[in-house]
Protein chains: 2
Amino acid sequence: MAHTPPIPEGSEVFEAAGHDHDHCVDHALQAAETICTREGARLTPLRRQVLELVWRSHEPIGAYDVLARLQREGASDAEDGRPAAPPTVYRALDFLLKYGLVHRIESLNAYVGCAHPQEDHNGQFLICRTCGTAAEIEDDAISAAIRDNAKRIGFAVDRVTVEVSGLCPRCRSDAHA
Amino acid sequence: MAHTPPIPEGSEVFEAAGHDHDHCVDHALQAAETICTREGARLTPLRRQVLELVWRSHEPIGAYDVLARLQREGASDAEDGRPAAPPTVYRALDFLLKYGLVHRIESLNAYVGCAHPQEDHNGQFLICRTCGTAAEIEDDAISAAIRDNAKRIGFAVDRVTVEVSGLCPRCRSDAHA
DNA sequence: CTCGTTATGTTATTTTATAACATTTCAATC
DNA sequence: GATTGAAATGTTATAAAATAACATAACGAG
Ligand SMILES: [Zn+2]
Ligand SMILES: [Zn+2]
Ligand SMILES: [Zn+2]
Ligand SMILES: [Zn+2]
């Protein structure tokens, strides 16, 4: 499952500044299609659109921000005037969470596209307090340490939330200047 | 309240069932006095009362639950009729958070008394989805793993949130029965 | 096509948190 | 002990996040 690749100096998990994010989005949507097909889940136009909106935001995005963008774009098919309502977005997000296509960042009340949606995991995040970027990591050492502790105590782990906030490498350099 | 037989292994972090919680509360309030004195911070009657209410709840408690209890008990000094308002509680909680006397559980939007308030830390929690108990652990292996990862990536850690939800040893046994 | 299921629409409300400004309390200085 | 500036609390209003409850539409198996 987990590759904990040697990270030379810092910046693969934090996306490169000028990278082609459209490509990331397309890739994520493609992966989502694959997963939903495999799972027999229906990635409807609405759900797909919400997933795309979440991915387009390079930072974690709140449900109401998703809603606002959804309203601006209009529902994908029906362009019938009435703006979408909160439950529309929350239901789509719930679906995406269920199939591991997005993660919820508890400390921000916000959502972010999952970086490796194939694998079953809860997501561990490094969140920059300055630029807002959330890098998803998957560190076996962290997972193992948590698993070991729980085992020692006799606690049956269901869901793990790891959210580290601080300064990303880039913002750190900027701060020095 | 309920007396439940001894739990064989691994249950120090989860409080024993029939323990004297009043003692925990008193101890916590005492420690808070000490810390605030040392820090030159004012543990006012209101703040003290909020801390006590948080501690009295054996589970993490929401701000509005604290508020409700505060209203029921009346403000500690002034018994002037008007019920307390949300900012009163949020400000007290902010103070208590600032001095490390309580922790906020992000995944529950709730607050819990800190088990080792002397030390500077962010708190790591095992939260039972059945009984609601949140056990605060302080696992160096977890902290170290997170610190190492961040260092490798060049991320400057500010605040760490670790919240593990699942089944505590007791509820696990109960489920087996 | 028919029918049960799943998805979405719609309206209202609940829960959580903060903004903005007024008043009180406190302790230091005069 | 009065003066005063800072910190704490009171008060009112609103923002932000999430869900409840019920109605309609779309979908897919038989
Ligand atoms: Zn992920
Ligand atoms: Zn940054
Ligand atoms: Zn603590
Ligand atoms: Zn339990």
Side-chain angles (χ1 to χ4, degrees), chain A residues 32 36-37 39-51 53-54 57 60-71 73-99 101-112, chain B residues 32 36-37 39-51 53-54 57 59-71 73-99 101-102 104-112:
Chain A
C36 287
T37 299
E39 303 287 323
R42 292 169 53 196
L43 187 63
T44 63
L46 176 65
R47 289 165 173 172
R48 195 188 149 90
Q49 194 182 3
V50 169
L51 178 59
L53 288 170
V54 170
S57 164
I61 182 176
Y64 278 75
D65 284 339
V66 173
L67 178 59
R69 294 181 193 195
L70 192 59
Q71 291 169 339
E73 303 199 3
S76 56
D77 277 339
E79 185 83 49
D80 66 345
R82 253 169 259 239
T88 296
V89 164
Y90 280 103
R91 285 191 288 229
L93 288 171
D94 284 346
F95 171 88
L96 298 170
L97 283 169
K98 179 175 173 185
Y99 289 96
L101 303 174
V102 302
H103 292 291
R104 176 180 160 82
I105 309 288
E106 299 291 348
S107 57
L108 298 176
N109 294 338
Y111 303 81
V112 66
Chain B
C36 287
T37 299
E39 304 287 323
R42 293 169 54 195
L43 187 63
T44 63
L46 176 65
R47 289 165 173 173
R48 195 187 149 90
Q49 193 181 4
V50 168
L51 179 58
L53 287 170
V54 170
S57 165
E59 312 173 20
I61 182 176
Y64 278 76
D65 284 340
V66 174
L67 178 60
R69 295 182 193 194
L70 193 59
Q71 291 170 339
E73 302 198 4
S76 55
D77 278 338
E79 185 83 49
D80 67 344
R82 253 170 259 241
T88 297
V89 163
Y90 279 102
R91 285 192 287 229
L93 288 172
D94 284 346
F95 171 87
L96 298 170
L97 284 169
K98 179 175 174 186
Y99 288 97
L101 303 174
V102 303
R104 175 180 161 84
I105 309 288
E106 298 291 348
S107 57
L108 297 176
N109 295 337
Y111 303 81
V112 67

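Scope of the values below: all heavy atoms of this structure, side chains included, with no hydrogens, waters or symmetry mates.
Atom CG of A/Leu46 and atom P of C/dT10 are 12 Å apart (whole Å). The CG-C1' distance, from A/Leu97 to D/dA18, rounds to 13 Å in whole Å. Rounding to whole angstrom units, CD of residue A/Glu39 and P of C/dT6 are separated by 16 Å. Counting to the nearest Å, the C1' atom of C/dC26 and the CZ atom of B/Arg47 are 12 Å from each other. Atom pair B/Leu93:CG and D/dA8:C1' shows a separation of 15 Å (rounding to whole Å applied). Whole-Å rounding puts the B/Leu67 CG to D/dT9 P distance at 15 Å. Taking atom CZ on A/Arg48 and atom P on C/dT8, their separation rounds to 14 Å, with Å as the unit. Going from atom CD of B/Gln49 over to atom P of D/dA8 covers 17 Å, rounded to whole Å.
B/Arg42 is linked by a side chain to side chain contact (heavy atoms under 4.5 Å, CB included) to B/Thr44, B/Arg47, counting only residues two or more places apart in sequence or in another chain.
Between A/Leu46 and A/Leu70 there is a side-chain heavy-atom pair separated by less than 4.5 Å.
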Inset, instruction - Mark up nucleotides 15-25 of chain C, 5' to 3', with B wherever a protein heavy atom is under 4.0 angstrom from a base atom, S wherever such an atom reaches only the sugar-phosphate, and - elsewhere. - result: -BBBBB-----

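With values rounded to the nearest 0.5 angstrom, B/Leu53 atom CG is found 14.5 Å from B/Tyr111 atom OH. Within the model, atoms CZ of B/Arg104 and CG of B/Leu96 stand 14.0 Å from one another, a figure rounded to the nearest 0.5 Å. For the atom pair CZ of B/Phe95 and CG of B/Leu43, the computed distance is 5.5 Å after rounding to the nearest 0.5 Å.
One finds a side-chain N or O of B/Thr44 lying less than 4.0 angstrom from the OP1 or OP2 phosphate oxygen of D/dT9. Here B/Arg82 does not reach the OP1 or OP2 of D/dG10: none of its side-chain N or O atoms lies under 4.0 Å away.
When all heavy atoms of B/Ala110 and B/Gly62 are compared, the closest pair comes out as CB-N, 4.1 Å.
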